[in-house]
Structure formats: structure tokens, C-alpha cells
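I have placed the structure first, in the form of C-alpha cells, so that the comments after it can refer back to it.
The chains referred to below are lettered A, B, ... by the order of the sequence lines, with proteins before strands, and numbering in each begins at 1.
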Protein chains: 2
Amino acid sequence: MAQRKASEKASSQTLKAVLGIRELVFSGEVSPGERLSEVNLSARLGLSRTPIRAGLARLEQEGILELIPSGGYTVRSFSEADIVDAIELRGVLEGTAARLAAERGISPSRLVSMKAILAEIDKVVSGPGDAFDFPRYAEMNAEFHDLLKVLSGSEIVAREIDRVMRLPFAGPSAFLNAQPDIPAFRTSLVVGQAQHRAIAHAIEMREGARAEAVAREHSRLARQNLDFVMDDHKLMARVPGLMLVSG
Amino acid sequence: MAQRKASEKASSQTLKAVLGIRELVFSGEVSPGERLSEVNLSARLGLSRTPIRAGLARLEQEGILELIPSGGYTVRSFSEADIVDAIELRGVLEGTAARLAAERGISPSRLVSMKAILAEIDKVVSGPGDAFDFPRYAEMNAEFHDLLKVLSGSEIVAREIDRVMRLPFAGPSAFLNAQPDIPAFRTSLVVGQAQHRAIAHAIEMREGARAEAVAREHSRLARQNLDFVMDDHKLMARVPGLMLVSG
DNA sequence: AAGATACGGACTGTATACAATTTGTACCAC
DNA sequence: GTGGTACAAATTGTATACAGTCCGTATCTT
């Protein structure tokens, strides 16, 4: 997967630090509120303090760490309200991307790309019910949302979308792995794909308001899934980063 | 002015580096596209390389620097389209803040604060025309927008608003110092204040859609001012950070 | 003369040493 | 027993030294 963001440092050690600390945080090996000692991380990740420090500073900017006034960092703890807000924000920003794409128009080749992605998702969604290819769906879904971001035509908007999506529980595919065998969830994928098509059609027809409204509503599927998952602690563990949620 | 953001490092040297480099960039002492050498900055700001490095990394995250694949940073050059998008984005985010405030409700004490600020702005706007207190207007205008951000009730939304506002030309008071003696500009302040009141009223009445729409439209004043200023190079120089605009 | 290659300088990335501040603990006074 | 103070350990902030990489230049070869 072309997961690596362009803004990631190419530098090997610093990159290892960022990835390593992220992993420690999202896997739950370090708890929310816990203080992260540089020497400790240094030992655990096999790096010197310098790249660790760079990584910490960066992850603080990303919003998953909090800096202590007296120095050092702690793991930020997210409330359920924070996740709701992050999803809401993603909806707003993707809505803006869709509206801008519609208002300013997109190139024919990109329209073709978009339709190709939609066709691929259709194949997965309308396939045989018992052999549902979840990874494939997640992949194509991510690609649709990636393309939508690009279609905005705005570097600045795209960058903010990237930022919000870096919070793992805010992404469009955050809850995909949580509930593969629940019928209601399967249905929501069909609804989601219908919304994808509506967004695409609105962009093609230059209907900015519709594109924005549908894209925003589309994000509510994630919130719906969130509500569902939060009722079942066993499901929560399957959503990456959802263990950061506390008070 | 309570300008210092909470997320600013308290550390003295690193803070000096961030502020110093920002100043170099926005004052135009270093040109867009120019490579920033760590040793050079080190000498110019009288700091060692370590805090310089931390500052550079941070300013890259903020979006005013770009990192070179082979290493090092350059000053990012913004197009006029970028500024338009940044203003648009601020409108979208402040619109969201206003809508959330309306939908979720705000405390009576904050409602009082908001009305107090509006009254202060009224005093300035409806004062004697020849002795217009621009700094005071800028101060209270900033306070209104700051409060709006807080009223969203969402840490996550507030943080993103802060981010966008850190681009100096995207802020609500960016163009205030550019054109103090132009009649049309004076008028726009009256219109802006009317929009402030409409936003406040919509929030009080729990009219989310109206609050969002007006707040979004409110940002268009900045775009209007941008168009005006861009026609006059002498005015451009008076807007902080607007010299970063090139291709 | 033109191109390629090797060398040199400059710069960034990383590690480590040092200094200053903070935090935890133990002991003492009341 | 409680509060405070002083000391010690640990941790962060900063500086500097070292290593590796990239870029430009000059020389050599064809």
C-alpha cells in the first residue's frame, strides 16, 4: 500500500522513531497519560535520543502526544467526544473537497479514475455474500477517499484532510476490520457505496452543494459504526487506536 | 497580547529558533525557494544547531517550510490560489465551529462574553470616522474569532482553526493594517460586524445552519480584501507574509 | 572539445557529552 | 503525625563532535 506520506522524513532513524512510537501508542503498550521517557524509548527502539526527540516533537504536532509544561511528553487520551468530533471534522473537510471539486471542475481523466474505483468497489460489494473480500474493500475505499482529497485541487485542503486522517479512528476505513460478520455492517457498506456514487455524480454534474452534503453525511457512517462498536468492548479492541479512549 | 499559543515549546532556545526563523521568513529576509542552511541560521540567530533543527522541523509541520528530499529545508512559496484556499478553509472551519456552538449550545456566561466583545467592536466601528482605532479593532476582532473557536466546544476543531490561522495571510485580521484610509475598506468593517452579530444571534437561537452559513460568508470579506490588495503592490507589502506569494 | 569520473567541500543526520531543571525521597523540625 | 526542607537521582534541554551523503568542480580520457 502506498501508505507513506510525502511529508514523512526520509531519514531512516527519525522515521523509525516516528513509526516506532506511533506503534507503541496505538498498540496500547503505553497507556494514555503515561509519561514517555526519552532514554526508555531510546532503549526500546534501539535508537539514540536525537531521532527519538525529533519523533516525539513530531507526534506532538500530529496530536497523539501532549507536552508537559515542565518538559517531556505524555500519551494523549481521547474521549469518545473527541472521536465524534474528529469524524465530524473529516466529514466537513471531505465535504469541502467534494464541493471544490464540483465547483471548479475536474479533468476527464480523473473522472475516469473515479469511475474505475467505483466499479471496483461495486464488484466487491455485490459479490457473493459469504466470501466478502474485506481487505480489498478497505483498499479501494481508501483509494476513493484519497482521490476525493486530490480532486479538491487544493494543496492546503488536502493537507488538512491528511492530518485528520492520521488519527487512526477518524479514517474512512477505521471500523472495517471491527465487524466483518455483522449483517447490519454489511448493509452499511452498500449504503456507503451509494453515497460514493452520489458524490461522484454530483461532482460530475457540478452540483457543489449536493457533493458537500452527501460527503458530509457519508462520514456519519463512521459515527454510526463508532456508536455500535463502543457498546461492545470486544469489538473495540479490533479498531486500531480505539484503546486510547478513556474519560 | 495573549499571542503565545499553548502548543509553543516553553523551552527558551527552541522557542527563539521558531520565532526567529518565522520572522526571517515573513519579513522577507529569506526568499521563497531559498534553502535554509542550519549553520547559517545558527550564526544569524546566535543559537546552536540543535534548537535550530527543532524549529525547522516544526515550521515544516506548520506549512511555511518545505523539506528537500535530499535533506534540508526551503521556504515554501505560496500562490494566490493557496491564499484563497486558506481563507476558504478558515471559513469552513469557523463555520463548523459556529454550527457546533449553535447545535450543542453555549453557556450563559460565554454568551455574555460574546455580547461584550460585540459591544466593544460596535464602539470602535461607530466611533468618529477620522480617529478610527485600528489596533483596537484588530484586537477585539481577534478576540471574537478566538471566542468562536472556543465556543465550538471541540478541542479538535479548535486546534485545526489554530493551524490555519498560523498562516498569517489567512487570519481574520490579516488585511486590517493594509488599508486603513480606504473608504470601501471602512465599509467592510461595518458589514463584518453585522455578520458577527448574525453569527452570535444564530448561535444563541440554536440556528446551526445559519450560524455556519454566515460564518463561512464572513471569511469572504478577507478574500475580497485579498483581491483588492493584490492589485496594488504597495498595499501588499503592508500585509504580513504576503510577500511569500509568487507563482 | 565534450563527457565521464574522481576528488573536495559543504551540509545534513546521528550520537554523545554536558548543564540545568525537575522530581522523588528521606530526614528533620514542629 | 504532618509539614517542610534539603539532597540525590533522573530527565530534559542544549551544545558539540563525528559520520555519511550530496553537489559542484576540476581533471583526465577519448
Please tabulate the protein-to-nucleotide N/O contacts below 3.5 Å involving nucleotides 20-24 of chain C, giving atom names and distances.
| unit_1 | atom_1 | unit_2 | atom_2 | d |
| --- | --- | --- | --- | --- |
| C/dT23 | OP1 | A/Ser70 | OG | 2.8 |

- prompt: Should A/Glu155 and A/Lys149 count as an ion pair when the cut-off is N to O under 4.0 Å?
  reply: no

message: By nearest atom, which of the nucleotides C/dC11, C/dG13, C/dT14 is closest to the B/Glu38 side chain?
response: C/dG13

- line: The nucleotide from D/dT11, D/dA17, C/dC18 with an atom nearest the side chain of A/Arg49 is C/dC18

query: Are any of the side-chain nitrogens in A/Arg220 or A/Glu88 under 4.0 Å away from the carboxylate oxygens of its partner?
result: yes

task: Name every residue in residues 40-48 of chain A that has at least one heavy atom under 4.0 Å from any atom of DNA chain D, in order of residue number, or write none if there are no such residues.
output: none

OP1 or OP2 of D/dT14 under 4.0 Å from side-chain N/O of B/Thr14: yes

query: Would you say B/Glu139 and B/Glu120 make side-chain contact, with heavy atoms under 4.5 Å?
result: no

Sole candidate of A/Asp85, A/Leu89, A/Ile83 that passes side chain to side chain contact (heavy atoms under 4.5 Å, CB included) when paired with A/Ile87: A/Ile83

- request: Would you please indicate if the ring centroids of A/Phe78 and A/Phe169 are separated by under 6.0 Å?
  value: yes

query: Can you check the A/Gln13 CD to C/dT16 C1' distance for me, whole Å?
result: 15 Å

- prompt: Looking for any heavy atom pair under 4.0 Å, which part of the strands does A/Ser37 touch: base, sugar-phosphate only, or nothing?
  reply: sugar-phosphate

- prompt: Taking CG from A/Leu36 and P from D/dT12, how many angstroms apart are they, rounded to a whole number?
  reply: 9 Å

- line: To the nearest angstrom, the OH-P distance between B/Tyr73 and C/dT12 comes to 10 Å

- prompt: Could you give the CZ-to-C1' distance, from B/Arg53 to D/dT16, as a whole number of Å?
  reply: 14 Å

message: Between A/Ile64 and A/Arg76, does the side-chain contact (heavy atoms from CB on, under 4.5 Å) criterion hold? Intermediate values first, please.
response: CA-CA 5 Å; A/Ile64 72 171; A/Arg76 179 165 169 202; 5.6 Å; no

- prompt: With under 30° as parallel and over 60° as perpendicular, where do the rings of B/His145 and B/His218 fit, or are they tilted in between?
  reply: parallel

field: Integer-rounded Å distance: D/dG13 P and B/Lys16 NZ
entry: 16 Å

- request: Could you check A/Glu60 against A/Glu66 for side-chain contact (heavy atoms from CB on, under 4.5 Å), going step by step and ending with a plain yes or no?
  value: CA-CA 6 Å; A/Glu60 189 258 342; A/Glu66 225 162 357; 6.0 Å; no

query: What does B/Leu56 touch in the nucleic acid at a heavy-atom separation under 4.0 angstrom: a base, only the sugar-phosphate, or nothing?
result: nothing

task: Determine, for B/Glu38 against B/Arg53, whether the closest basic-nitrogen to carboxylate-oxygen distance falls under 4.0 angstrom.
output: yes

query: Between atom CD in B/Glu34 and atom P in C/dC11, what is the gap in whole Å?
result: 13 Å

